[in-house]
Amino acid sequence: MKEAEVIIIGGGIVGCATAYYLAKKGMTDVIVLEGSSSIGHGASSRNGGGVRQSGRDVRELPVAMCAVEKFWPGLSEELGVDTEYTQEGNLRLGKTPAHMKKLEALAESCQSMGLNVYMVDKEKAHEINPYLSDDVMGASFCPTDGHANPLTTTLGYYQKALSLGVQFYTEAKVASLRKVRGQVEDVILDDGTIFKGKKIVLAAGYHSRAIMNTIGLDVPMQDVIDGCIVTEQEPVMFKQMLGCASADFYGHQTRHGSFVFGAEAGGEAYMDIAPETTNFAHPDTLGATCRGVEGYIPKLAGAKIVRSWTGWCDCTADGVCVLGTVEEAPGLILACGFNGHGFGTAPAVAYMMAQIALGEKPLLDLSALAYERFC
(Lines give C-alpha, C1' and ligand atoms only; values in the text may rest on other atoms or scores of the structure.)
Protein backbone atom coordinates (compact mmCIF):
# COMPACT_ATOMS: atom_id res chain seq x y z
CA MET A 1 0.00 0.00 0.00
CA LYS A 2 1.21 3.48 -0.87
CA GLU A 3 0.01 6.58 0.97
CA ALA A 4 -0.07 10.33 0.32
CA GLU A 5 -1.90 13.38 1.57
CA VAL A 6 -3.42 13.90 -1.89
CA ILE A 7 -3.88 11.39 -4.69
CA ILE A 8 -4.74 12.71 -8.14
CA ILE A 9 -6.29 10.36 -10.67
CA GLY A 10 -5.41 11.48 -14.19
CA GLY A 11 -2.12 12.72 -15.62
CA GLY A 12 -3.58 15.27 -18.01
CA ILE A 13 -3.20 19.01 -17.77
CA VAL A 14 -5.69 19.35 -14.89
CA GLY A 15 -4.04 16.57 -12.90
CA CYS A 16 -0.51 17.81 -13.52
CA ALA A 17 -1.42 21.44 -12.84
CA THR A 18 -3.29 20.55 -9.64
CA ALA A 19 -0.20 18.66 -8.47
CA TYR A 20 1.99 21.65 -9.29
CA TYR A 21 -0.18 24.17 -7.46
CA LEU A 22 -0.36 21.87 -4.43
CA ALA A 23 3.42 21.56 -4.38
CA LYS A 24 3.85 25.29 -4.94
CA LYS A 25 1.73 25.86 -1.85
CA GLY A 26 3.97 23.51 0.14
CA MET A 27 2.01 20.26 -0.19
CA THR A 28 4.51 17.94 -1.86
CA ASP A 29 3.12 14.66 -0.47
CA VAL A 30 1.17 14.14 -3.67
CA ILE A 31 0.80 11.16 -5.99
CA VAL A 32 -0.52 11.37 -9.55
CA LEU A 33 -1.84 8.17 -11.16
CA GLU A 34 -1.98 7.98 -14.96
CA GLY A 35 -3.58 4.95 -16.57
CA SER A 36 -1.67 5.10 -19.85
CA SER A 37 2.06 4.89 -20.46
CA SER A 38 2.49 8.63 -20.98
CA ILE A 39 1.58 11.90 -19.30
CA GLY A 40 -1.05 13.97 -21.13
CA HIS A 41 -2.05 11.00 -23.28
CA GLY A 42 -5.74 11.95 -23.51
CA ALA A 43 -7.48 15.19 -24.35
CA SER A 44 -4.60 17.28 -22.96
CA SER A 45 -2.44 16.43 -25.97
CA ARG A 46 -5.23 16.06 -28.53
CA ASN A 47 -7.14 19.34 -28.42
CA GLY A 48 -6.99 22.37 -30.67
CA GLY A 49 -5.36 24.66 -28.12
CA GLY A 50 -8.16 27.17 -27.68
CA VAL A 51 -7.98 29.56 -24.74
CA ARG A 52 -11.36 31.17 -25.07
CA GLN A 53 -14.00 32.77 -22.91
CA SER A 54 -16.54 33.64 -25.60
CA GLY A 55 -19.25 31.16 -26.44
CA ARG A 56 -19.19 29.54 -23.01
CA ASP A 57 -22.08 28.74 -20.73
CA VAL A 58 -22.44 31.48 -18.13
CA ARG A 59 -21.91 28.92 -15.35
CA GLU A 60 -18.34 28.22 -16.41
CA LEU A 61 -17.54 31.60 -17.94
CA PRO A 62 -16.13 33.01 -14.65
CA VAL A 63 -13.63 30.15 -14.58
CA ALA A 64 -12.53 30.88 -18.15
CA MET A 65 -12.24 34.60 -17.44
CA CYS A 66 -10.22 33.89 -14.30
CA ALA A 67 -7.82 31.69 -16.27
CA VAL A 68 -7.25 34.39 -18.89
CA GLU A 69 -6.92 37.23 -16.40
CA LYS A 70 -4.83 35.58 -13.67
CA PHE A 71 -2.94 32.63 -15.12
CA TRP A 72 -2.27 32.49 -18.86
CA PRO A 73 -0.36 35.78 -19.33
CA GLY A 74 2.56 34.75 -17.07
CA LEU A 75 2.38 30.98 -17.47
CA SER A 76 5.34 30.51 -19.82
CA GLU A 77 7.64 32.32 -17.42
CA GLU A 78 6.26 30.46 -14.40
CA LEU A 79 6.58 27.00 -15.94
CA GLY A 80 9.83 27.62 -17.76
CA VAL A 81 8.43 26.48 -21.11
CA ASP A 82 7.04 28.29 -24.12
CA THR A 83 3.30 27.70 -23.88
CA GLU A 84 2.97 29.65 -27.15
CA TYR A 85 0.16 31.62 -25.56
CA THR A 86 -1.18 34.09 -28.11
CA GLN A 87 -3.89 36.56 -27.14
CA GLU A 88 -5.11 37.98 -30.43
CA GLY A 89 -8.83 37.36 -30.11
CA ASN A 90 -11.42 34.85 -31.26
CA LEU A 91 -13.66 35.30 -34.29
CA ARG A 92 -16.79 33.12 -34.26
CA LEU A 93 -18.05 33.26 -37.82
CA GLY A 94 -21.50 33.20 -39.36
CA LYS A 95 -22.75 32.77 -42.93
CA THR A 96 -26.53 32.93 -42.51
CA PRO A 97 -29.06 35.02 -40.57
CA ALA A 98 -29.62 31.98 -38.34
CA HIS A 99 -25.90 31.82 -37.62
CA MET A 100 -25.83 35.51 -36.73
CA LYS A 101 -28.79 35.15 -34.41
CA LYS A 102 -27.04 32.31 -32.60
CA LEU A 103 -23.83 34.30 -32.27
CA GLU A 104 -25.70 37.34 -30.99
CA ALA A 105 -27.38 35.28 -28.28
CA LEU A 106 -24.05 33.82 -27.17
CA ALA A 107 -22.43 37.25 -27.15
CA GLU A 108 -25.25 38.77 -25.12
CA SER A 109 -25.08 36.03 -22.48
CA CYS A 110 -21.34 36.54 -22.10
CA GLN A 111 -21.69 40.32 -22.04
CA SER A 112 -24.09 39.92 -19.13
CA MET A 113 -21.19 38.39 -17.17
CA GLY A 114 -18.83 41.25 -17.97
CA LEU A 115 -16.91 39.73 -20.88
CA ASN A 116 -15.73 42.07 -23.62
CA VAL A 117 -17.26 40.34 -26.64
CA TYR A 118 -19.20 42.06 -29.40
CA MET A 119 -20.68 41.54 -32.83
CA VAL A 120 -18.90 42.74 -35.96
CA ASP A 121 -20.38 43.10 -39.44
CA LYS A 122 -19.02 41.65 -42.65
CA GLU A 123 -16.72 44.56 -43.35
CA LYS A 124 -15.19 44.55 -39.87
CA ALA A 125 -14.81 40.75 -39.80
CA HIS A 126 -12.87 40.87 -43.05
CA GLU A 127 -10.81 43.78 -41.76
CA ILE A 128 -9.79 41.70 -38.73
CA ASN A 129 -9.12 38.67 -40.91
CA PRO A 130 -8.80 39.40 -44.65
CA TYR A 131 -8.53 35.68 -45.50
CA LEU A 132 -12.17 34.94 -44.76
CA SER A 133 -14.58 33.79 -47.44
CA ASP A 134 -16.86 36.42 -48.91
CA ASP A 135 -19.74 34.24 -47.68
CA VAL A 136 -19.01 35.25 -44.07
CA MET A 137 -21.75 37.69 -43.05
CA GLY A 138 -20.24 38.69 -39.73
CA ALA A 139 -18.94 37.35 -36.45
CA SER A 140 -18.68 37.75 -32.75
CA PHE A 141 -15.27 38.92 -31.59
CA CYS A 142 -13.63 38.62 -28.18
CA PRO A 143 -10.28 40.45 -28.24
CA THR A 144 -8.97 38.79 -25.05
CA ASP A 145 -9.41 35.21 -26.31
CA GLY A 146 -6.51 33.30 -27.78
CA HIS A 147 -4.74 29.97 -28.10
CA ALA A 148 -1.73 28.05 -26.77
CA ASN A 149 0.19 24.81 -27.23
CA PRO A 150 -1.36 21.93 -25.22
CA LEU A 151 1.76 19.76 -25.47
CA THR A 152 4.26 22.23 -24.05
CA THR A 153 1.82 23.54 -21.44
CA THR A 154 1.00 20.09 -20.06
CA LEU A 155 4.68 19.16 -20.15
CA GLY A 156 5.55 22.34 -18.27
CA TYR A 157 3.13 21.59 -15.44
CA TYR A 158 4.38 17.99 -15.25
CA GLN A 159 8.05 18.95 -15.09
CA LYS A 160 7.48 21.63 -12.47
CA ALA A 161 5.41 19.32 -10.28
CA LEU A 162 8.02 16.58 -10.63
CA SER A 163 10.84 18.97 -9.69
CA LEU A 164 8.95 19.93 -6.52
CA GLY A 165 8.67 16.34 -5.32
CA VAL A 166 5.34 15.11 -6.68
CA GLN A 167 5.34 11.37 -7.49
CA PHE A 168 3.94 10.26 -10.85
CA TYR A 169 2.92 6.70 -11.72
CA THR A 170 2.16 5.77 -15.33
CA GLU A 171 0.43 2.56 -16.43
CA ALA A 172 -1.46 2.89 -13.16
CA LYS A 173 -5.02 2.23 -14.31
CA VAL A 174 -7.57 2.87 -11.59
CA ALA A 175 -10.23 0.19 -11.23
CA SER A 176 -12.19 1.51 -8.26
CA LEU A 177 -12.49 3.79 -5.27
CA ARG A 178 -13.33 2.67 -1.76
CA LYS A 179 -14.68 4.41 1.30
CA VAL A 180 -13.19 3.83 4.72
CA ARG A 181 -15.49 4.78 7.61
CA GLY A 182 -17.53 6.92 5.22
CA GLN A 183 -14.51 8.73 3.76
CA VAL A 184 -13.18 8.15 0.24
CA GLU A 185 -9.61 7.08 0.94
CA ASP A 186 -8.60 4.08 -1.15
CA VAL A 187 -7.73 4.11 -4.83
CA ILE A 188 -7.42 0.59 -6.17
CA LEU A 189 -5.60 -0.19 -9.42
CA ASP A 190 -6.60 -2.95 -11.80
CA ASP A 191 -3.68 -5.06 -10.53
CA GLY A 192 -4.91 -4.77 -6.95
CA THR A 193 -2.40 -2.15 -5.78
CA ILE A 194 -3.95 0.19 -3.21
CA PHE A 195 -3.12 3.87 -2.85
CA LYS A 196 -4.49 5.63 0.23
CA GLY A 197 -4.99 9.38 0.41
CA LYS A 198 -6.69 11.91 2.66
CA LYS A 199 -7.97 13.73 -0.41
CA ILE A 200 -8.68 12.18 -3.80
CA VAL A 201 -8.91 14.38 -6.91
CA LEU A 202 -10.62 12.64 -9.82
CA ALA A 203 -9.52 14.28 -13.08
CA ALA A 204 -9.52 11.31 -15.44
CA GLY A 205 -11.54 12.67 -18.33
CA TYR A 206 -14.11 10.25 -19.73
CA HIS A 207 -12.77 7.50 -17.44
CA SER A 208 -14.03 9.47 -14.45
CA ARG A 209 -17.59 8.23 -14.79
CA ALA A 210 -16.70 4.54 -14.48
CA ILE A 211 -14.36 5.26 -11.57
CA MET A 212 -16.94 7.24 -9.59
CA ASN A 213 -19.57 4.58 -10.36
CA THR A 214 -17.65 2.22 -8.07
CA ILE A 215 -18.79 4.22 -5.01
CA GLY A 216 -22.31 4.85 -6.27
CA LEU A 217 -21.81 8.24 -7.90
CA ASP A 218 -22.71 9.12 -11.45
CA VAL A 219 -22.49 12.10 -13.77
CA PRO A 220 -24.56 11.81 -16.98
CA MET A 221 -21.69 11.88 -19.42
CA GLN A 222 -20.98 10.49 -22.86
CA ASP A 223 -17.82 10.05 -24.91
CA VAL A 224 -17.78 12.21 -28.04
CA ILE A 225 -15.07 11.74 -30.65
CA ASP A 226 -13.31 14.84 -31.91
CA GLY A 227 -10.76 14.91 -34.69
CA CYS A 228 -7.89 17.29 -35.39
CA ILE A 229 -5.75 17.96 -38.45
CA VAL A 230 -2.44 19.77 -38.86
CA THR A 231 -1.37 21.33 -42.14
CA GLU A 232 2.08 21.86 -43.55
CA GLN A 233 3.79 25.17 -42.80
CA GLU A 234 2.09 28.13 -44.48
CA PRO A 235 3.04 31.80 -44.73
CA VAL A 236 1.88 33.85 -41.75
CA MET A 237 -1.79 34.67 -42.31
CA PHE A 238 -3.55 35.49 -39.05
CA LYS A 239 -3.18 35.12 -35.28
CA GLN A 240 -6.81 34.90 -34.14
CA MET A 241 -8.53 31.74 -32.96
CA LEU A 242 -11.40 30.93 -35.31
CA GLY A 243 -14.70 29.17 -34.71
CA CYS A 244 -18.05 29.20 -36.44
CA ALA A 245 -21.71 29.14 -35.53
CA SER A 246 -22.21 26.04 -37.66
CA ALA A 247 -19.57 24.16 -35.61
CA ASP A 248 -17.90 23.02 -38.85
CA PHE A 249 -14.43 23.60 -37.42
CA TYR A 250 -12.30 25.58 -34.99
CA GLY A 251 -8.60 26.32 -35.06
CA HIS A 252 -5.67 28.66 -35.48
CA GLN A 253 -2.27 29.13 -37.09
CA THR A 254 0.63 28.16 -34.85
CA ARG A 255 3.81 30.16 -34.44
CA HIS A 256 5.53 27.61 -36.65
CA GLY A 257 3.19 28.40 -39.54
CA SER A 258 1.14 25.21 -39.57
CA PHE A 259 -2.60 25.33 -38.96
CA VAL A 260 -4.35 23.20 -36.35
CA PHE A 261 -8.05 22.60 -36.95
CA GLY A 262 -10.51 20.47 -35.05
CA ALA A 263 -14.10 19.36 -35.47
CA GLU A 264 -16.49 16.88 -33.97
CA ALA A 265 -16.02 13.51 -35.67
CA GLY A 266 -19.31 12.13 -34.43
CA GLY A 267 -19.90 9.85 -37.37
CA GLU A 268 -16.97 7.69 -36.35
CA ALA A 269 -18.83 6.62 -33.24
CA TYR A 270 -21.39 4.82 -35.39
CA MET A 271 -18.94 2.91 -37.54
CA ASP A 272 -18.31 -0.80 -37.01
CA ILE A 273 -15.10 -0.15 -35.09
CA ALA A 274 -14.88 3.08 -33.15
CA PRO A 275 -11.36 4.53 -33.26
CA GLU A 276 -9.11 4.54 -30.24
CA THR A 277 -7.50 7.85 -29.31
CA THR A 278 -4.28 6.89 -31.10
CA ASN A 279 -5.90 6.42 -34.53
CA PHE A 280 -5.84 8.77 -37.47
CA ALA A 281 -9.06 10.57 -38.21
CA HIS A 282 -11.32 8.59 -40.52
CA PRO A 283 -11.19 9.81 -44.16
CA ASP A 284 -14.92 10.57 -44.19
CA THR A 285 -14.86 12.89 -41.20
CA LEU A 286 -11.44 14.21 -42.16
CA GLY A 287 -12.87 15.31 -45.48
CA ALA A 288 -15.81 17.00 -43.80
CA THR A 289 -13.45 19.04 -41.62
CA CYS A 290 -11.39 20.04 -44.65
CA ARG A 291 -14.48 21.15 -46.56
CA GLY A 292 -15.57 23.16 -43.55
CA VAL A 293 -12.24 24.96 -43.37
CA GLU A 294 -12.15 25.61 -47.12
CA GLY A 295 -15.62 27.13 -46.96
CA TYR A 296 -14.43 29.79 -44.55
CA ILE A 297 -10.76 30.21 -45.58
CA PRO A 298 -10.53 29.56 -49.33
CA LYS A 299 -6.79 30.18 -49.49
CA LEU A 300 -6.18 26.99 -47.52
CA ALA A 301 -7.89 24.78 -50.11
CA GLY A 302 -4.53 23.60 -51.41
CA ALA A 303 -2.81 23.15 -48.05
CA LYS A 304 -1.43 19.68 -47.40
CA ILE A 305 -2.35 17.80 -44.25
CA VAL A 306 0.70 16.36 -42.52
CA ARG A 307 -1.06 14.51 -39.68
CA SER A 308 -4.39 13.92 -38.02
CA TRP A 309 -5.70 12.29 -34.88
CA THR A 310 -8.83 11.62 -32.88
CA GLY A 311 -9.61 11.91 -29.19
CA TRP A 312 -12.45 11.50 -26.75
CA CYS A 313 -14.32 14.35 -25.05
CA ASP A 314 -16.09 13.79 -21.73
CA CYS A 315 -19.36 15.57 -22.46
CA THR A 316 -21.92 16.11 -19.70
CA ALA A 317 -25.67 16.19 -20.22
CA ASP A 318 -25.86 19.94 -19.57
CA GLY A 319 -22.69 20.94 -21.37
CA VAL A 320 -20.55 22.19 -18.48
CA CYS A 321 -17.92 20.63 -16.25
CA VAL A 322 -18.22 19.18 -12.75
CA LEU A 323 -15.97 20.78 -10.15
CA GLY A 324 -15.54 20.45 -6.41
CA THR A 325 -16.42 18.23 -3.50
CA VAL A 326 -19.29 15.74 -3.29
CA GLU A 327 -21.58 15.80 -0.25
CA GLU A 328 -22.11 12.04 -0.16
CA ALA A 329 -18.45 11.21 -0.76
CA PRO A 330 -16.25 13.12 1.72
CA GLY A 331 -12.64 13.25 0.65
CA LEU A 332 -13.42 13.17 -3.08
CA ILE A 333 -12.93 16.17 -5.37
CA LEU A 334 -14.20 16.06 -8.95
CA ALA A 335 -12.71 17.83 -11.96
CA CYS A 336 -14.23 16.25 -15.06
CA GLY A 337 -16.80 16.66 -17.82
CA PHE A 338 -15.02 19.44 -19.65
CA ASN A 339 -16.97 18.93 -22.91
CA GLY A 340 -13.97 19.34 -25.18
CA HIS A 341 -13.00 22.81 -24.00
CA GLY A 342 -11.19 22.25 -20.72
CA PHE A 343 -7.69 23.21 -21.86
CA GLY A 344 -8.29 26.95 -21.66
CA THR A 345 -9.74 26.79 -18.15
CA ALA A 346 -7.22 24.25 -16.82
CA PRO A 347 -4.89 26.63 -14.94
CA ALA A 348 -7.75 28.19 -12.98
CA VAL A 349 -9.50 24.86 -12.43
CA ALA A 350 -6.33 23.22 -11.16
CA TYR A 351 -5.49 26.09 -8.84
CA MET A 352 -8.94 25.88 -7.26
CA MET A 353 -8.79 22.08 -6.97
CA ALA A 354 -5.54 22.54 -5.05
CA GLN A 355 -7.20 25.13 -2.83
CA ILE A 356 -10.09 22.79 -2.07
CA ALA A 357 -7.74 19.88 -1.33
CA LEU A 358 -5.93 22.10 1.18
CA GLY A 359 -9.15 23.25 2.84
CA GLU A 360 -8.89 26.77 1.42
CA LYS A 361 -11.74 28.79 -0.02
CA PRO A 362 -11.47 28.66 -3.83
CA LEU A 363 -11.03 31.78 -5.91
CA LEU A 364 -14.57 31.48 -7.26
CA ASP A 365 -17.95 30.21 -6.16
CA LEU A 366 -18.21 26.84 -7.92
CA SER A 367 -21.68 25.89 -6.69
CA ALA A 368 -23.20 26.14 -10.20
CA LEU A 369 -20.74 23.45 -11.34
CA ALA A 370 -21.24 21.10 -8.39
CA TYR A 371 -21.98 17.39 -8.70
CA GLU A 372 -25.25 17.84 -6.80
CA ARG A 373 -26.89 19.62 -9.74
CA PHE A 374 -27.50 16.16 -11.22
CA CYS A 375 -29.03 14.69 -8.06
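Index from 1, following the sequence. Because only heavy atoms are used, hydrogens play no part in the values below, and waters and symmetry mates are left out as well, while side chains stay in.
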Would you say Arg92's side chain and Gly243's backbone share a donor-acceptor pair under 3.5 angstrom?
no

Using 4.0 Å as the upper bound for N to carboxylate O, is an ion pair formed by Asp248 and Arg291?
no

Separation between NE2 (His341) and CD (Gln53), nearest 0.5 Å, reads 13.5 Å

Students often mix this up, so state it plainly: with edges at 30° and 60°, are the rings of Phe259 and Phe238 parallel, tilted or perpendicular?
tilted

Tell me whether Thr154 contacts the main-chain N or O of Leu151 through its side chain, where contact means a donor paired with an acceptor under 3.5 Å.
no

Could you give me the CA-CA distance, side-chain angles and deciding distance for Lys196 and Glu3, then say whether salt bridge (Lys or Arg N to Asp or Glu O under 4.0 Å) is met?
CA-CA 5 Å; Lys196 184 178 290 287; Glu3 298 186 19; over 6 Å; no

Calculate, to the nearest 0.5 Å, the distance between atoms NZ and OG1 belonging to Lys102 and Thr96 respectively.
10.0 Å

Measure the spacing between CD of Glu34 and NZ of Lys173 and express it to the nearest 0.5 Å.
11.5 Å

Side chains of Met212 and Ile9: closer than 4.5 Å at any heavy-atom pair?
no

Is there a side-chain contact between Met237 and Leu300 (heavy atoms, below 4.5 Å)?
yes

Check the hydrophobic clustering (I, L, V, M, F, W, Y; side-chain heavy atoms under 4.5 Å; chains of links allowed) and say if Ile39 and Ile13 are grouped together.
yes

Give, for atom CG of Asp190 and atom OG of Ser176, the distance between the pair rounded to the nearest 0.5 Å.
10.0 Å

Treating Gln87 as the side-chain partner and Thr144 as the backbone partner, does any N or O pair qualify as donor plus acceptor under 3.5 Å?
yes

If Ile, Leu, Val, Met, Phe, Trp and Tyr residues are connected whenever their side-chain heavy atoms lie under 4.5 Å apart, and connections chain through other members, are Leu61 and Val68 in the same group?
no

Run Lys101 and Glu104 through salt bridge (Lys or Arg N to Asp or Glu O under 4.0 Å) and show every step you take.
CA-CA 5 Å; Lys101 185 175 181 180; Glu104 287 171 3; over 6 Å; no

Group every Ile, Leu, Val, Met, Phe, Trp and Tyr by side-chain heavy-atom contacts under 4.5 Å, then state whether Val184 and Val6 land in the same group.
no

Treating Glu294 as the side-chain partner and Pro298 as the backbone partner, does any N or O pair qualify as donor plus acceptor under 3.5 Å?
no

With a 6.0 Å cut-off on ring centres, are Trp72 and Phe343 close enough?
yes

Would you say that Leu202 contacts Leu332 through its side chain, given a criterion of any heavy-atom pair below 4.5 Å between the two side chains?
yes

Check the surroundings of atom NZ in Lys239: do more than 12 heavy atoms from other residues, nucleotides or ligands lie under 6.0 Å from it?
no

Beyond-backbone contact of Lys122 with Asp134, side-chain heavy atoms, under 4.5 angstrom:
yes

To the closest 0.5 Å, what do you measure between CG (Asp218) and OH (Tyr371)?
6.5 Å

Indicate yes or no for a side-chain donor-acceptor contact from Asn339 to the backbone of Thr316 under 3.5 Å, with no hydrogens or angles considered.
yes

Check whether Leu115 and Leu91 end up in the same hydrophobic cluster, where Ile, Leu, Val, Met, Phe, Trp and Tyr are linked by side-chain heavy atoms less than 4.5 Å apart.
no

Classify the ring geometry of Tyr169 against Phe195: parallel below 30°, tilted from 30° to 60°, perpendicular beyond 60°.
perpendicular

Cation-aromatic face contact Lys95/Tyr296, 6.0 Å, 45 degrees:
yes

From CE (Met113) to CZ (Arg59), nearest 0.5 Å
11.0 Å

Sidechain-backbone polar pair: Arg46 side chain, Gly40 backbone, donor-acceptor under 3.5 Å:
no

Under 3.5 Å, is there a donor-acceptor pair between the side chain of Glu5 and the main chain of Met27?
no

With no hydrogens and no angle check, just 3.5 Å: does a side-chain donor-acceptor pair link Thr83 and Ser76?
yes

Could you tell me whether the side chain of Asp186 reaches within less than 4.5 Å of the side chain of Leu177, counting heavy atoms only?
no

Can you tell me if Glu78 and Tyr20 form a side-chain donor-acceptor pair at under 3.5 Å?
yes

Between Thr254 and Glu84: side-chain donor-acceptor atoms closer than 3.5 Å
no

Check: Thr153 side chain, Pro150 main-chain N or O, donor-acceptor pair, under 3.5 Å
no

Do Val136 and Asn129 have side chains that get closer than 4.5 Å, going by heavy atoms?
no

For the hydrophobic clusters of this structure (ILVMFWY residues joined by side-chain heavy atoms under 4.5 Å, transitively), does one cluster hold both Val120 and Ile297?
yes

Salt bridge (Lys or Arg N to Asp or Glu O under 4.0 Å) assessment of Lys25 paired with Glu360
CA-CA 11 Å; Lys25 286 173 171 287; Glu360 301 175 2; 3.1 Å; yes

For the residue pair Thr152 and Asp82, establish whether any side-chain heavy-atom pair is separated by less than 4.5 Å.
no

Below 4.5 Å, heavy atoms only, C-beta onward: do Asp318 and Asp57 meet side chain to side chain?
no

Please confirm whether Tyr157 and Tyr21 have ring centers closer than 6.0 angstrom.
yes

